[in-house]
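Please read the structure below before turning to the comments.
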Amino acid sequence: YVMEVYENAKIGTPVGTVTAHDPDAANSLVRYFIDHNAEEDRYFTVDASTGTIKTAKIFDREETPWYNITVAASEIDNPGLVSHVPVGVRILDVNDNPPELARDYDVVICENTKPGQVIQTITATDKDNTANGARFHFSLDEGLSLNPNFTLRSNEDNTASILTKRRRYSRTTQDIYYLPVLISDGGMPPLSSSSTLTIRVCACERDGR
Ligand SMILES: [Ca+2]
Ligand SMILES: [Ca+2]
Ligand SMILES: [Ca+2]
């Protein structure tokens, strides 16, 4: 058997039902139980008479995406005769992780940079599987006001570029900019998070670098 249940489902959620076939065709009643040998078996319960497996734990797919359990079945008339039914349980993904920047970007711009230049390309990561993750949407997180210093351009490939907007930047006026970037994932509904890029202004060519 292979069964599926969503992560974060509450304890007692039905996962599926096993049916043991009676080898001697005597149609005697079967009793189901879980041999608690493996630690994983404790994460599920089985109804003794129906064979319905239910969750006994709240699962986190990002932690463990698959469980192997063994359901035992014995005839009530003949309890010594036990058969074992292996069951694999796949934990299905729920969009429960917001995307975040793939790394800490150390962004430096020159004072005499030209407007419209790409100063950094950013990408994101998401712990969920692709359906709830990797279709990222980037935007500058600044409400209604337009950023006078930088623009963000989506590259339509799960990356975005940060571009200069000013004709020049002056260290003496402002030597560091904090640029809040909002990243949304492709889940239904989507999750989003805000990360702040730190952009430092350097003298660059004037220092001979
Ligand atoms: Ca999770
Ligand atoms: Ca998830
Ligand atoms: Ca996600």
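Along the sequence shown, residues are numbered consecutively beginning with 1. Because only heavy atoms are used, hydrogens play no part in the values below, and waters and symmetry mates are left out as well, while side chains stay in. These numbers come from a predicted model, not from an experiment. We count ligands from 1, going down the list as the structure has it; atoms in each ligand are counted the same way.
Take the Ca ion (ligand 3) as the corner point: the lines to OD2 of D126 and to OD2 of D185 open at 80°, to the nearest 10 degrees.
Side-chain N/O atoms of N97 and D126 include no donor and acceptor closer than 3.5 Å. Looking at S161 and N155, their side chains do bring a donor and an acceptor atom within 3.5 Å of each other. Using modelled atom types, one finds no donor on one side chain facing an acceptor on the other under 3.5 Å when comparing T45 with D47.
Under the side chain to side chain donor-acceptor pair (under 3.5 Å) criterion, D77 pairs with no residue at all, not counting sequence neighbours.
Ring geometry, Y177 versus F150: the interplanar angle exceeds 60°, so the pair is classed perpendicular (tilted spans 30 to 60°).
Between K127 and D96, no side-chain nitrogen of the basic residue sits less than 4.0 Å from a carboxylate oxygen of the acidic one, so the salt-bridge criterion is not met.
Listing protein N, O or S atoms at distances below 3.0 Å from the Ca ion (ligand 2), with waters left out, gives E7 OE2, E62 OE1, E62 OE2, D93 OD1, V94 O, D96 OD1, D128 OD1.
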